[in-house]
Protein chains: 2
Amino acid sequence: MTDKLTGAAGRAYVADAIRQALRSGDLVPGQRLVELDLAEAYGTTRGAVREALQDLAAEDIVEIVPRRGARIRAVSVEEAVQITECRSALEQLCARKAAGRASEEQRAELRRIGADMRQAVADGAWDAYSALNQRLHELVIEAGGQEVARRQLERLNGPMVRFQFRLALRPGRPAQSLPQHLAIIDAVTGADPEAAARAVAAHLDDVVEQLRVSAERTPAPRV
Amino acid sequence: MTDKLTGAAGRAYVADAIRQALRSGDLVPGQRLVELDLAEAYGTTRGAVREALQDLAAEDIVEIVPRRGARIRAVSVEEAVQITECRSALEQLCARKAAGRASEEQRAELRRIGADMRQAVADGAWDAYSALNQRLHELVIEAGGQEVARRQLERLNGPMVRFQFRLALRPGRPAQSLPQHLAIIDAVTGADPEAAARAVAAHLDDVVEQLRVSAERTPAPRV
DNA sequence: TCGGAACATCTTGTCAACAATCTCGTTGAT
DNA sequence: ATCAACGAGATTGTTGACAAGATGTTCCGA
C-alpha cells in the first residue's frame, strides 16, 4: 500500500469497498458519500471515487443527485418484493434451461450441495448454509448457460444486501427453506424443466412472503 | 444552439444522439467512437462525451476497452435470443400482474390499440403498426406496476435495436404477429393472468424463432 | 424566542493541459 | 517480398485548479 490506487484500479477498488461496507453494515441507507472523504479513506483520488460512484449508481446501489452528491439508496419493502419477483422470473428461466442442459459434473455438484445443506441445517451451521445457498443459485444460473440472465440477476441483487441479511437472521429460516432448495436440486438433477421452474417459483414466492412478514415486525428503514 | 452543451446536459444529449444514430443505422457495430470527434460533432466537451460513453457502456450498447476507446458492441444472434428469453420471462411477470390490476382506462386503451393494430395491418401501415406494438408493450408493463421490471426491460432492449429493425423488415411479419398481440390484449383485458402470461410467452417464443431464421439468411454481422 | 437575511464553508462540477499508451505507416534488413 | 523495429501522430487517462451551487451558522429585528 505504498502508492495511491489510481484510475481504473482505484475505481474498482472503491466500488468494491463500498459494496463490502454496505454488506457489513458500516454504511447505512441514506448515508452521504462525500467524494473527498472516500478518496482519503481509501487512498485514491477524487476522480477514481467519482467514477466508482457512477458505477454504483448504475447498479442502483447509490443515488446521485446533481450538485448534492451521492448517498446510499434506501430500498423499500415494496421494491424488495418487486426485485424478488423479477429474480423469480429470471431464475425460473435459468432453472428450466439448467434442467435440460446441465452437465453430469454440474448435476453431481448440485447433489453434493443438497447433501451438504442437509448437514449444515442439522449442525446449525448457518454461515455454511448461507454459502451453499449462494453457490446453489450460482450453479443453476451457470448450468443454464444464460449469460444475459446472469448479468441481470447480478444487477438485481446489488441493492438487496440489506434485506438479505435481515432475512437470513430470522430463526428457523434455514429449516424452512431447506426443502425448497432440495426440491430445486431434485428437479434440475432429474432433468424436469417444468418442475424446476415450479420449485424456483415456490421458493421465491416464499421469500416474498417472508419479506412482507419481516416488514411488519421491523421498523421502516430510516431515510 | 448558440452555446456548447456542457456537463450533465451534454452527457444526456450525446448518449441520446448515439442511441438514435444506432437506430437509424448511422453507426454500425464495431465502429470506433473517438471522444474528440464526437465532442466536435455534437458541440460538447470531451468530458461530456466520456461520461455519455460510460452510460452507454452500462447499458451494454458500447464496449470500452481501456486505453483503446469505445466501440459499438456487436450482438450475436445467440445473445439476441437470450435477451429475448429474458424479456419473455420479465414480460410474462408484467402481463400476469397487469391482468390482475389494470385500471379500466388501461383496459380501454388496450382494446383501442388492438383495433388500431388490425386497421394498421389491413392498411399496410407498418410504421403505425410498429408504434402501436411499442405502445402495447409499454402499456402492459405500466399496467403491471412493475417499476423494477420496467427498468430491467429498458436495459435489455438497448443492445437490440439492430435486430429489431431487421426483424420488422421481414415481409409478412406484421400479419404474423398481429394475432399474438391480440391474444395478449384479450387475456389482459379479460383479467386472465395465466392466459396473459401464456400469450406473452407464445409471442416471444415466435420472436426467438424469427431471430434464428433470420440468422440463417443474413450474413454474420461484421466485427 | 422565533424567523430570516447575510455570510462562511463545504462539496460537487468543469475544464484545460499534460502524461501515458496505442496505432499505423515507414524503413531497413534478410 | 516479408518481417521486425522504429517513430510520428492520434487517442485516451489523469491531475490539479477553479467555478458554481448547496449547506449550515451567525446575527439582527420583531
Side-chain angles (χ1 to χ4, degrees), chain A residues 1-18 21 26-74 222-223, chain B residues 1-18 21 26-74 222-223:
Chain A
M1 212 181 279
T2 72
D3 240 16
K4 271 194 176 181
L5 235 16
T6 176
R11 174 181 186 163
Y13 177 72
V14 172
D16 268 354
I18 292 177
D26 292 342
L27 291 175
V28 300
Q31 187 157 343
R32 282 190 68 188
L33 300 171
V34 175
E35 296 176 358
L36 201 56
D37 293 352
L38 294 172
E40 285 174 5
Y42 296 125
T44 42
T45 63
R46 232 187 92 207
V49 170
R50 234 182 130 66
E51 291 183 327
L53 290 175
Q54 296 288 331
D55 290 348
L56 294 172
E59 294 174 38
D60 284 330
I61 289 173
V62 310
E63 189 180 25
I64 296 178
V65 10
R67 290 268 172 213
R68 274 197 231 176
R71 38 188 68 210
I72 304 282
R73 200 165 74 85
R222 288 160 303 175
V223 178
Chain B
M1 210 178 287
T2 72
D3 241 14
K4 269 195 179 182
L5 237 15
T6 175
R11 175 181 183 160
Y13 177 72
V14 172
D16 268 354
I18 292 176
D26 292 343
L27 291 175
V28 300
Q31 186 159 344
R32 284 191 66 187
L33 299 171
V34 175
E35 295 176 358
L36 200 57
D37 292 353
L38 293 173
E40 285 174 4
Y42 296 124
T44 45
T45 64
R46 203 159 71 92
V49 171
R50 233 180 131 69
E51 292 184 326
L53 290 176
Q54 297 286 332
D55 290 348
L56 294 171
E59 293 175 38
D60 284 330
I61 290 173
V62 310
E63 188 180 25
I64 296 178
V65 8
R67 290 273 173 209
R68 278 199 226 173
R71 41 187 64 211
I72 304 284
R73 200 167 73 85
R222 290 158 302 173
V223 178

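Heavy atoms only: backbone and side chains are in, while hydrogens, waters and symmetry mates are out.
- What separates CD of B:E35 from P of C:dA20 is a distance of 18 Å, to the nearest Å.
- Every residue meeting the side chain to side chain contact (heavy atoms under 4.5 Å, CB included) condition with A:D37, not counting sequence neighbours, appears here in chain and number order: A:V34.
- Rounded to the nearest 0.5 Å, atoms CG (A:D60) and CZ (A:R73) are 5.0 Å apart.
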With a cut-off of 3.5 Å and sequence neighbours excluded, list every side-chain donor-acceptor pair involving residues 47-57 of chain B.
unit_1	atom_1	unit_2	atom_2	d
B:R50	NH1	B:E35	OE2	2.8
B:Q54	OE1	A:R11	NH2	2.7
B:D55	OD1	B:R11	NH2	2.9
B:D55	OD2	B:R11	NE	2.9

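- Using a 4.5 Å heavy-atom cutoff, the side chains of B:I72 and B:V28 are not in contact.
- With rounding to the nearest 0.5 angstrom, the CG atom of B:L27 is 11.0 Å from the CD1 atom of B:I61.
- For the pair A:T6 and D:dT15, the criterion of a side-chain N or O lying under 4.0 Å from OP1 or OP2 is met.
- Residues from residues 46-55 of chain B that place a heavy atom under 4.0 Å from any atom of DNA chain D, listed by number: B:R46, B:R50.
- In terms of the salt bridge (charged side-chain N to carboxylate O under 4.0 Å, His left out) criterion, B:D26 has no residue partners (sequence neighbours excluded).
- Rounded to an integer number of Å, the gap from CG of B:L36 to P of D:dT12 is 8 Å.
- The side-chain hydrogen bond (donor to acceptor under 3.5 Å, both in side chains) check on B:E59 picks up B:R19, with sequence neighbours excluded.
- Separating the CZ atom of A:R11 from the C1' atom of D:dT12 is a distance of 13 Å, rounded to the nearest angstrom.
- Summarising the geometry, the separation between CG on A:L33 and P on C:dT11 is reported as 12 Å, rounded to the nearest angstrom.
- Between B:Q31 atom CD and D:dT11 atom C1' the separation is 16 Å, expressed in whole Å.
- Side chain of A:R71 to backbone of A:Q31: no donor-acceptor contact under 3.5 angstrom is found.
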Atom pairs under 3.5 Å, N or O on each side, protein against nucleotides 21-23 of chain D: can you list them with distances?
unit_1	atom_1	unit_2	atom_2	d
D:dT23	OP1	A:R68	NE	3.4

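- Closest to the side chain of A:V34, from the set C:dG13, C:dT11, D:dG13, is C:dT11.
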